[in-house]
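Can you read through this structure? Questions will come right after.
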Amino acid sequence: MAEGKIASLVAPIKSCPGIHYKNPRFPVNVKLADNLECGTKIYIHGAAANDANRFAINLKNAEVDANNYFHFNPRFDEGVVVRNSRLDQAWGDEEREGDFPFANGEPFLITIIPNVDCYEVEVNGAPFITFNHREGMPLCDVTHIAMWGEVTVYGIHVPRPSMPLPLVIRIPKNTFYGDTLVLTGEAPSGAERFHVNFQCGNRDDADIMYHFNPRFDHNTLVCNNRCAEAWGDEETLDGLPVAPGERINVTIVAAKEGFMPFLNGNPLPIFPHRLDVCAACTILVDGDISLENLTLDCPPCRMPPQVPDVEIEEFDNKIVQALRSTAPVTMALLEGFGPGRAVYISGKIPEDASRFDVNLQCGEADADIALHFNPRWDDSDQGSVLVLNSRDDGAWGDEVREPNVVPSGSDFDMYILCQDDGFCIMLDGDVAVASFPHRIDCTRITHVSVNGCLEINRIMGV
């Protein structure tokens with residue numbers, strides 16, 4: 001498949017209303033918004049490791065001790081994709097026919113389409129196989145998606161025309177610092193209140209690490225926690241930046257200092273952690289809200305195949321993040337930099353963007369710059385162009401000018417990978433938009449800075 005084609009297939013899917021798990025932690029075990037229905041499509045965007053042997057996707061009827069209604073198992077070591085099911089601990093007959101459409105180190109898009117008689121599977125936009133429903137395993141019983149293996153998953157997307165309330169979502173491997181929840185929808189006319197909980201399980205008496213509760217009937221935001229069925233002291237804010245009948249965007253970041261909420265882009269007071277944030281394994285949404293979209297955006301611990309993964313057990317000690325920052329921003333990188341390290345930046349480029357730049361630099365300010373990455377849409381000579389450069393001892397080097405393939409007006413995930421001979425800049429884990437040789441010793445890099453027309457969701461050094 002031509003480079004970039006998968007990214008172009010994924011772009012419209014990421015903007016569809018529904019449930020979106022971005023960078024889910026492995027092994028993945030997530031709950032669907034509702035039981036699986038005919039025509040519901042499941043999109044899985046990822047890349048197999050350079051030395052992958054196999055990975056698997058399982059559609060199940062529970063999180064643990066589950067029947068496996070559809071087991072999709074690419075095996076690189078055998079050059080075959082095995083399909084099967086498991087009922088009451090007993091595997092059925094394997095199905096193995098068909099070509100092998102995956103390659104080590106290459107991105108892919110898997111689409112699973114449940115129908116009345118079977119599951120249809122597409123790989124990279126092309127039909128691949130069908131798998132008939134096995135006896136005693138009806139489609140409507142499927143409630144969970146699980147994955148394991150040697151693969152990076154950039155996103156799991158389940159478009160839906162509407163979402164049920166209460167909505168209960170499983171957080172893969174529980175909450176980590178940097179996890180970000182984004183909800184979009186509408187508060188119906190006459191709405192009184194709704195709430196979003198980060199909680200420990202889906203029982204009615206579950207501990208709640210964070211209770212976010214806009215109350216339109218009192219024009220007040222109430223935030224709280226609950227432990228052993230006892231509510232804590234309420235923290236209130238008078239005046240809401242949204243009213244019934246209006247569009248709603250709720251963003252909640254699980255930061256180290258506390259939960260950081262935003263309502264329609266307006267930053268609200270941080271709620272300091274009262275309980276162990278890592279115990280939150282479930283998100284519950286209920287009340288007077290019509291939900292269109294839910295995205296759980298996690299910091300990537302599985303990187304593109306060119307970069308070593310971050311050990312999840314040491315995640316918080318190995319990375320540094322800037323979250324929901326406003327450009328310009330400069331962030332120190334932990335433990336230096338060099339080959340095998342990476343910088344990850346996610347956000348949105350406005351439709352009317354003029355330019356932005358990302359610098360990997362050898363100090364916090366007025367420093368040498370090992371990489372200057374500068375997409376421009378307003379260049380006086382070429383209009384749209386990508387400029388790369390370096391600055392050594394205060395003097396800029398020779399510019400490298402290339403076609404600007406960075407799209408304006410879209411969400412993006414950028415990886416800057418430091419390799420032995422230079423930098424590779426990738427979008428969405430797929431498109432290598434540029435490469436730049438080392439002109440300065442890359443181990444001197446200490447900071448990353450971002451400036452210009454860019455809405456920043458996350459900057460992360462790995």
> Are the side chain of Asn104 and the backbone of Ala52 linked by a donor-acceptor contact shorter than 3.5 Å?
Replying inline: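 Confirmed, Asn104 side chain pairs with Ala52 backbone.
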> Just wondering, are more than 12 heavy atoms of other shown residues or ligands nearer than 6.0 Å to CD in Glu135?
Replying inline: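 No, not enclosed.
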> Does the ring pair (Phe, Tyr, Trp, His ring centres under 6.0 Å) test come out yes or no for His133 and Phe70, once each step is laid out?
Replying inline: CA-CA 8 Å; His133 299 307; Phe70 181 36; 9.0 Å; no
> Does the side chain of Val343 reach to within under 4.5 Å of the side chain of Phe337, using non-hydrogen atoms?
Replying inline: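 They are in side-chain contact.
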> Heavy atoms, side chains only, cut-off 4.5 Å: are Phe373 and Met414 in contact?
Replying inline: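 Yes; the side chains approach each other to less than 4.5 Å.
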> Of Lys14, Lys22, Arg324, which meets salt bridge (Lys or Arg N to Asp or Glu O under 4.0 Å) against Asp297?
Replying inline: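 Only match with Asp297 under salt bridge (Lys or Arg N to Asp or Glu O under 4.0 Å): Lys22.
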> Would you call Glu37 and Arg160 a salt bridge, taking side-chain N to carboxylate O under 4.0 Å as the test?
Replying inline: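 A salt bridge is absent here (no side-chain N lies under 4.0 Å from a carboxylate O).
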> Is the CG atom of Asp93 crowded by more than 12 outside heavy atoms at less than 6.0 Å?
Replying inline: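 Not buried by this count: 12 neighbours or fewer within 6.0 Å.
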> Does the separation of the ring centres of His211 and His195 fall below 6.0 angstrom?
Replying inline: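 Yes: the rings meet the under 6.0 Å criterion.
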> Is any side-chain heavy atom of Val123 closer than 4.5 Å to a side-chain heavy atom of Phe102?
Replying inline: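 A side-chain contact under 4.5 Å exists here.
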>> Assess, by modelled atom type and distance only, whether the side chains of Asn224 and Arg226 contain a donor and an acceptor separated by less than 3.5 Å.
In response: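 Note: Asn224 and Arg226 side chains miss the donor-acceptor criterion.
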>> Please give me the minimum heavy-atom distance between Ser15 and Pro12, naming the atom from each residue.
In response: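 That closest heavy-atom pairing would be OG-O, 3.0 Å.
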> Do you know which two heavy atoms are closest between Gly452 and Ala327, and how far apart they sit?
Replying inline: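 Of all heavy-atom pairs spanning Gly452 and Ala327, the closest is O-CB, 3.8 Å.
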>> Rounded at 0.5 Å granularity, tell me how far CD in Glu120 sits from CG in Asn115.
In response: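 Rounded to the nearest 0.5 Å, the CD-CG separation comes out at 4.5 Å.
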>> Quick one: does any side-chain atom of Thr152 pair with a main-chain N or O of Met303 as donor and acceptor, under 3.5 Å?
In response: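 Such a contact is found between Thr152 side chain and Met303 backbone.
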>> Determine whether the aromatic ring centres of residues Phe212 and Phe198 are separated by less than 6.0 angstrom.
In response: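 Centroid distance Phe198-Phe212: not below 6.0 Å, so no.
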>> Between Asp276 (side chain only) and Cys278 (backbone N and O only), is there a donor and an acceptor less than 3.5 Å apart?
In response: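 Indeed, once roles are kept as given, a pair shorter than 3.5 Å links the two residues.
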>> Contact between Tyr119 and Leu59 at the side-chain level, heavy atoms closer than 4.5 Å - yes or no?
In response: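 Yes, at least one pair of side-chain atoms sits under 4.5 Å.
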> Do the side chains of Val28 and Ile145 get nearer than 4.5 Å, heavy atoms only?
Replying inline: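 Contact flag for Ile145/Val28 side chains = no.
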> Taking the side chain from Asp179 and the backbone from Cys298, do they hold a donor-acceptor pair closer than 3.5 Å?
Replying inline: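 Judged by distance alone, no pair lies under 3.5 Å.
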> Quick check, are the ring centers of His273 and Tyr210 under 6.0 angstrom apart?
Replying inline: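 Ring centres of Tyr210 and His273 not closer than 6.0 Å.
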> What is the distance from atom CG of Leu294 to atom CE of Met163, rounded to the nearest 0.5 Å?
Replying inline: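 Result: 6.0 Å between the selected atoms.
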>> Surrounding CD of Glu78 (heavy atoms of other residues, nucleotides or ligands, distance under 6.0 Å), is the total greater than 12?
In response: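 Atom CD in Glu78 is crowded, with more than 12 foreign heavy atoms closer than 6.0 Å.
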>> Are the side chains of Trp148 and Arg54 in contact, using a 4.5 Å heavy-atom criterion?
In response: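 A side-chain contact under 4.5 Å exists here.
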> Got a donor-acceptor contact below 3.5 angstrom from the Arg341 side chain to the Val462 backbone?
Replying inline: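 Confirmed, Arg341 side chain pairs with Val462 backbone.
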> Do Val450 and Ile345 pass the side chain to side chain contact (heavy atoms under 4.5 Å, CB included) test, and can you show the C-alpha distance, the side-chain angles, and the key distance before you say yes or no?
Replying inline: CA-CA 9 Å; Val450 181; Ile345 303 171; 4.0 Å; yes
> Is the shortest heavy-atom distance from the side chain of Pro24 to the side chain of Ile156 under 4.5 Å?
Replying inline: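 Yes, close enough: below the 4.5 Å cut-off.
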> Pro407 and Leu427: which non-hydrogen atoms are nearest, and at how many Å?
Replying inline: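 Heavy atoms only, the tightest pair is CD-CD1, 3.8 Å.
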> With a cut-off of 6.0 Å (strictly less than), are more than 12 heavy atoms of other residues, nucleotides or ligands near CG of Asp205?
Replying inline: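 More than 12 heavy atoms, drawn from other residues, nucleotides or ligands, come within 6.0 Å of this atom.
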>> Whether the side chain of Thr175 engages the backbone of Ala280 through a donor-acceptor N/O pair (distance < 3.5 Å, no angle test) should be reported.
In response: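 Checked: pair present.
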>> If I compare all heavy atoms of Pro299 with all of Tyr177, which pair ends up nearest, and what's the gap?
In response: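 Taking Pro299 first and Tyr177 second, the nearest heavy atoms are CG-O, 3.8 Å.
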> Looking at CG of Leu221 and CG of Leu240, how far apart are the two atoms once the value is rounded to the nearest 0.5 Å?
Replying inline: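 Those atoms lie 6.5 Å apart.
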> Can you tell me how far the CG atom of Leu36 sits from the NZ atom of Lys41, to the nearest 0.5 Å?
Replying inline: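 One gets 13.5 Å once the value is rounded to the nearest 0.5 Å.
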> Can you say whether the rings of Phe194 and Phe216 are parallel (under 30°), tilted (30 to 60°) or perpendicular (over 60°)?
Replying inline: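 Judged by the thresholds at 30° and 60°, the geometry between Phe194 and Phe216 is tilted.
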> Given Leu263 and Val250, is the side chain to side chain contact (heavy atoms under 4.5 Å, CB included) satisfied, shown in steps?
Replying inline: CA-CA 5 Å; Leu263 188 54; Val250 175; 3.7 Å; yes
> Rounded to the nearest 0.5 Å, how far does CE of Met426 lie from CD1 of Ile416?
Replying inline: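 Between Ile416 CD1 and Met426 CE, I get 12.5 Å after rounding to 0.5 Å.
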> Going through the distances and angles, do Asp233 and Arg274 end up as a salt bridge (Lys or Arg N to Asp or Glu O under 4.0 Å)?
Replying inline: CA-CA 11 Å; Asp233 295 331; Arg274 299 176 179 178; 5.9 Å; no
>> Ignoring hydrogens, what is the shortest heavy-atom contact between Pro188 and Ser290? Give both atom names and the distance.
In response: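 Smallest interatomic distance, heavy atoms only, reads CD-N, 4.2 Å.
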> Are Ile169 and Val30 close enough, and set up right, to give a side chain to side chain contact (heavy atoms under 4.5 Å, CB included), and what steps lead you there?
Replying inline: CA-CA 7 Å; Ile169 294 298; Val30 298; over 6 Å; no
>> Less than 3.5 Å apart, any donor N or O on the side chain of Asn451 or Ser449 sitting next to an acceptor on the other?
In response: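 No - no donor-acceptor pair under 3.5 Å links their side chains.
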> Does the ring center of Phe55 lie less than 6.0 Å from the ring center of Phe108?
Replying inline: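 Yes, close enough.
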> So, Arg86 versus Asn84: side-chain donor-acceptor pair below 3.5 Å or not?
Replying inline: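 No, no side-chain donor-acceptor contact under 3.5 Å.
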> For the side chain of Asn29 and the backbone of Glu63, is there at least one donor-acceptor N/O pair under 3.5 Å apart?
Replying inline: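 Yes: the side chain of Asn29 pairs with the backbone of Glu63.
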> Relative to the ring of Tyr344, is the ring of Tyr415 parallel (under 30°), tilted (30 to 60°) or perpendicular (over 60°)?
Replying inline: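 If you compare the ring of Tyr415 with that of Tyr344, the planes turn out tilted.
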> Between Arg25 and Asn174, is there a donor-acceptor pair closer than 3.5 Å when you use the side chain of the first and the backbone of the second?
Replying inline: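 Yes; at least one donor-acceptor contact below 3.5 Å.
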> Under 3.5 Å, is there a donor-acceptor pair between the side chain of Glu186 and the main chain of Arg247?
Replying inline: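 Pair absent, no side-chain N/O of Glu186 close to backbone of Arg247.
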> Are a donor atom and an acceptor atom from the side chains of Asn61 and Asp141 found within less than 3.5 Å of each other?
Replying inline: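 There is no such pair (donor and acceptor under 3.5 Å, judged by atom type) between the side chains of Asn61 and Asp141.
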> Can any side-chain N or O of Asn73 pair as donor or acceptor with the backbone N or O of Val81 at less than 3.5 Å?
Replying inline: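 No: the side chain of Asn73 does not pair with the backbone of Val81.
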>> Quick check for you: to the nearest 0.5 Å, what is the distance between Lys31 atom NZ and Lys60 atom NZ?
In response: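 If I round to the nearest 0.5 Å, the distance is 13.0 Å.
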>> Any heavy-atom pair between the side chains of Met147 and Val153 that's under 4.5 Å?
In response: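 Heavy-atom side-chain distance check passes, below 4.5 Å.
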> Going through the checks in order, is the side chain to side chain contact (heavy atoms under 4.5 Å, CB included) test met by His218 and Arg193?
Replying inline: CA-CA 9 Å; His218 294 97; Arg193 58 183 67 182; 3.6 Å; yes
> Closest heavy-atom contact between Leu296 and Pro172?
Replying inline: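 For Leu296 versus Pro172, the nearest heavy atoms are CD2-CD, 3.9 Å.
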